[in-house]
Amino acid sequence: MSSSAATDTTDPGDRATDARALALVWALAAVNVGLAAVLVWSAYAARGAAGTPDFMAFWAAGRLTLEGSPALAYDWEAHRAVETAGLGRDWEGWMLWRYPPWYQLVLAPFGALPLWPAMAAWVGLTLALYLRTCWLILPGALGLGAALAAAPAAIMLVNGQGGFLLAALLGLGLLALERRPARAGLLFAGLALKPHLA
């Protein structure tokens, strides 16, 4: 028997409870990610109004910024024309840009890509930042599973909204608050990308 096993004072019941909690969290995470996959397939395969991701507004604002016309992101018709071109078809409704101008600088690199690869890159990068933040808060498989099991995670995976980025900014700000308040302040200021949250 190893020395670590000889000194392990954890109650076997506690280990069993931890294992059950971990299994439950990962089962919920799998359901959530599976639900996101089904929603993506059903919404975008339909090619109707439901197949227009929220990220489309982000992408169009980034594209207009790269083209040297960032103010047109706030012009409903001009913004919609870029969205329609990126989607490759017309669609019903409006996907408006309601964010502060500085956020367009964050999104400009994604505007250099076609819509769907840009959305995949955005979701992938913001998801990675979110999961890294969750790992820093609660290291281990339980923390990552809980992050993916959260109901809004499915929405972020499907629509490409900014929720992963917002959660990461908030979490990193809280982690830095006590030892690095200036860094925390900058991270909290980033929440102004969603003005009503700031």
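This structure is a prediction, so every number in the text was calculated from the model and none was measured.
- Trp116 is not connected to Leu113 by any chain of hydrophobic side-chain contacts under 4.5 Å among Ile, Leu, Val, Met, Phe, Trp and Tyr, and they are in different clusters.
- Between Leu127 and Met156, every side-chain heavy-atom pair lies at or beyond the 4.5 Å cut-off.
- In this structure, the side-chain contact (heavy atoms from CB on, under 4.5 Å) partners of Ala108, at least two apart in sequence or on a different chain, are Thr65, Leu66.
- When all heavy atoms are compared, the tightest approach of Gln104 to Ala73 is NE2-CB, 3.7 Å.
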Just do the side chain to side chain contact (heavy atoms under 4.5 Å, CB included) check on Leu187 and Leu175 with the steps written out, would you? CA-CA 10 Å; Leu187 290 162; Leu175 285 169; over 6 Å; no
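- Within the hydrophobic cluster formed by Ile, Leu, Val, Met, Phe, Trp and Tyr side chains joined at under 4.5 Å, directly or through other members, Trp76 is accompanied by Trp94, Leu96.
- Listed for the Tyr130 side chain is a donor-acceptor partner under 3.5 Å among the backbone atoms of Ala147.
- Ile137 CD1 to Leu172 CG: the interatomic distance, rounded to the nearest 0.5 Å, is 7.5 Å.
- Not counting sequence neighbours, the partners of Tyr103 by the ring pair (Phe, Tyr, Trp, His ring centres under 6.0 Å) test are Phe58, Trp97, Tyr99.
- Using a 4.5 Å cut-off on side-chain heavy atoms (C-beta onward), Leu115 and Phe55 make contact.
- When ring centroids are compared, Trp122 and Phe110 come within the 6.0 Å threshold.
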Less than 3.5 Å apart, which donor and acceptor atoms pair up between the side chains of residues 77-86 and the rest of the protein, not counting sequence neighbours?
unit_1: His79; atom_1: ND1; unit_2: Glu83; atom_2: OE2; d: 3.3
unit_1: His79; atom_1: ND1; unit_2: Met95; atom_2: O; d: 3.3
unit_1: His79; atom_1: NE2; unit_2: Ala57; atom_2: O; d: 3.2
unit_1: Arg80; atom_1: NE; unit_2: Gly93; atom_2: O; d: 2.9
unit_1: Arg80; atom_1: NH1; unit_2: Asp90; atom_2: OD1; d: 3.1
unit_1: Arg80; atom_1: NH2; unit_2: Asp90; atom_2: OD1; d: 3.4
unit_1: Arg80; atom_1: NH2; unit_2: Trp91; atom_2: O; d: 2.1
unit_1: Arg80; atom_1: NH2; unit_2: Gly93; atom_2: O; d: 3.4
unit_1: Thr84; atom_1: OG1; unit_2: Arg80; atom_2: O; d: 2.9
unit_1: Thr84; atom_1: OG1; unit_2: Trp91; atom_2: NE1; d: 3.3

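- With sequence neighbours left out, Trp135 forms a ring pair (Phe, Tyr, Trp, His ring centres under 6.0 Å) with no residue at all.
- Side-chain contact between Tyr74 and Pro101 is present, with heavy atoms from C-beta onward closer than 4.5 Å.
- Note that CG of Leu177 and CZ of Arg183 are 12.5 Å apart. Values are rounded to the nearest 0.5 Å.
- A chain of hydrophobic side-chain contacts below 4.5 Å, direct or via other Ile, Leu, Val, Met, Phe, Trp or Tyr residues, connects Leu136 to Leu174.
- With hydrophobic clusters built from ILVMFWY side chains whose heavy atoms lie under 4.5 angstrom apart, Leu64 does not share a cluster with Leu105.
- Sequence neighbours left out, the pairs with a member in residues 161-175 that pass side-chain hydrogen bond (donor to acceptor under 3.5 Å, both in side chains) are Asp54-Gln161.
- Thr126 OG1 to Leu169 CG: the interatomic distance, rounded to the nearest 0.5 Å, is 10.5 Å.
- If you run side-chain contact (heavy atoms from CB on, under 4.5 Å) between Phe164 and each of Leu129, Thr133, Leu125, Leu157, only Leu157 comes through.
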